[in-house]
Amino acid sequence: MNRDDFPILKDDLIYFDNGATTLKPRRVVDKIVEYYTEYTSNAHRGDYKNSVKVDALYEGVRDKVKDLINAESPKEIVFTKGTTESLNNVVFGFAKNYLHRDDEVLITKSEHASNVLPWQVLEKKIGIKVKYIPLDENHNITEENLEKAITDKTKIVSIAHVTNAMGDVRDIESIGEICKKHNLIFVVDAAQSIGHIQVDVQKANVSFLAFSSHKMLGPTGVGVLYGKKELLEKTEVLEYGGGMNSYFESNGTYELKNIPERFEAGTQNIAGVIGMGEAIDYLREIGLEKIHQHELELKRYAVEKMKQIPNIKIYNENTSSGILIFNIDKVFSQDTAIFLDQFNISVRSGNHCAKILKDEIKVTNTCRISFYLYNTKEEIDKLVEVLNRQDEVYDNIV
Amino acid sequence: MDDKLKRDLILEHYQNPVNRGLVDNEDYIKVNSRNESCVDNIDVMAKIEDGIIIDARFDGEACAICTSATSAMIKTLIGKTKEEAEEIIRNYENMINELPYDKTLLSELNVYDTVYKQPNRKNCALLPFRGMKEILEKSTK
C-alpha cells in the first residue's frame, strides 16, 4: 500500500529489510528539508519568529509521541538518538542507582545486543546478576516461565516487544501485569514493534520504553526514551551542558531543568525530531492495525509459497509479526543474501545482532525478511521465483 | 583464467576445504577473525618451525568466498617461509584492494582477482589473511 509515497520504490527495488531500517515517504523527507531550507533555527533559545516556530514544532512532536504510545504526559518523552541510547540511559542512568549487588535483571537470549550488553556491563560494574527467562519450544516467553524465573532478588524485566532475530511478539500486557504484581521495573525495547503494532505503555504497565524513528519511516539519528514520570525523576542525567540546566554559578552550585529537558543536553537533532513527528502523523493516518494486518497477510502468503520451494527451512512460521527467518539448506545465509541482491531483493543475513540466540535455535546465521506497509505479494512472488533458482546461487560468485 | 574455472576452483575450496578442523596442539598459534558485518567467524591456526609454516588449519562459519579463500590461503602458504608468506599476503591484499600486485606470486589465489567488483565481498576475501598476519606477528614475539 501507499507505494507512490516512497521515492526509492520508483525503481525495481524489492526491500525486505525493514527490521534494519525502513524506507522514507516523500512527506517525511520534505518536512526535514523544509526545516533546513525555510526556518532553520535552534529550539528553546531565540526570541525571533523562526525559533518560536521550531520550538513549537519540536515540542509538538513530544505530544505526537505521547499519543502514539499513550503516555500520560509529554514530560515522559525524552528525545534520544535512538533505541540504543535510550536503553543505555535506562541501564546507566536509572538501573545503576536503583539496583544493588546481587539484584537480578531478567532478559532473554533473543534480545538485541543493545538490550544485553549494557546489562552485562552493569553486571561487571556493580555485581548485579543478568538472568535469562527460559523460552518455550517456539522461542516465546510464557507467563509460567516468567513467573518461575522471578525470585525475591528480581528487580527488573527488560525485553523486546518484538524480537528482531525471530520476530516473536511478546504479550507485553500480560508481562506488564506480572511485573506489576511483583513490583518489578518493566523495560520494553520497542524498536521492532513501533510503527507496526499498537503500543500502549499505560495498559502494559511499562516503566521504560525505547524506540528509534528510522524503523518507523522517520529519519536516522533520533529516537525516544519513554519513562514513567516518577522513574524519570529518579534517573541520573548522563550528559551535561547547554539546554538542560536552569542555572550554574562559579561557586559550583547548579540546578538542572525538569524532566524531560534535563536529559537533552546540547542542540538536539531538531530536523530529526520534526521528521519523526511527520512519520508518526503519516503512520497514524494509515492506521497501525491496518499496517499490522497487511504484514501478517504478507507473511502468511510468503510462508505458504516458500514452503513449496525445496531446501528452504523457515524458522519462525508461527510468529505473529512481519518477520520471516529462513535459510536455503547447505547455503550460508550471506551467500543467499548476496544472490538475492543480484535480483535487487534486499534481505538481511547474519545473526541480527542477537549473538546469544544461537544457544536457543542452534543456528548462528539466518536470512531475515521483514515486511512493511509498502511490500506486496508480487514482490514475494519474485522472491519465490528467485529462490526456486537456488542452483544458480554461486553462478556469479566471481 | 575464465570465470567458470575461477568459480569451479572457489566452489571446490568451499565444498572440500583444505585442512578444515582444528587440532589441540600447543605447537600451533591460533587466532579468531570476525567480520565487522558480524557474519563470518573463523579460527585459523598455524604451526611455524624455524621460520617455515609447517602446517595451517581452520574452522568456523563463513560464506563461500571467505571459506574458500581460507582454504586456498592455507594450501598456498603451507611450506612457505614467513617472509614468503608475508609477501604473498601483501600482494593478495593489494589485489583485493585494487593496488599494484605481482600475480606470479599468488598461484591459485588469483581466482579472487575480481572480488573487488563486489565491495560487500572484499572483507570476506581478506578475513583469513588478517588472521594469518596476526599469527605471523605472534610467532615473531
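Each chain gets a letter, A, B and so on, in the order its sequence line appears, and its residues count up from 1. In what follows, every heavy atom counts, from backbone to side chain, and hydrogens, waters and symmetry copies are set aside.
Looking at heavy atoms from C-beta onward, A/Gln334 lies in side-chain contact with B/Cys124 at the 4.5 angstrom threshold.
Counted within 6.0 Å of NZ on B/Lys6, heavy atoms from surrounding residues, nucleotides or ligands total more than 12; the atom is thus considered enclosed. Few gaps surround CG on B/Asp2; more than 12 heavy atoms of other groups in view lie less than 6.0 Å from it. By the neighbour-count criterion of 12 heavy atoms within 6.0 Å, atom NZ of B/Lys30 is sparsely surrounded, having that number or fewer from other residues, nucleotides or ligands. The environment of CD in B/Glu83 is crowded: more than 12 heavy-atom neighbours from other residues, nucleotides or ligands sit within 6.0 Å.
A salt bridge links B/Arg121 and A/Asp335; the closest N-O separation between the charged side-chain nitrogens and carboxylate oxygens is under 4.0 Å.
Using a 4.5 Å cut-off between heavy atoms, B/Tyr14 contacts chain A through its side chain alone, with no backbone atom that close.
To the nearest 0.5 Å, the span separating CD1 on A/Ile338 from CD on B/Gln118 amounts to 6.5 Å. The CG atom of B/Asn120 lies 6.5 Å from the CG atom of A/Asp341; values are rounded to the nearest 0.5 Å. Here CG of B/Asp8 is found 11.0 Å from CD1 of A/Ile397. Values are rounded to the nearest 0.5 Å.
Using modelled atom types, no side-chain atom of B/Glu61 and backbone atom of A/Phe332 make a donor-acceptor pair closer than 3.5 Å.
The greatest number of non-hydrogen atom pairs below 4.5 Å with chain A, out of B/Ile10, B/Asp3, B/Leu11, is found for B/Leu11. Top candidate by heavy-atom pairs under 4.5 Å with chain A, chosen from B/Thr67, B/Ile65, B/Val115, is B/Ile65.
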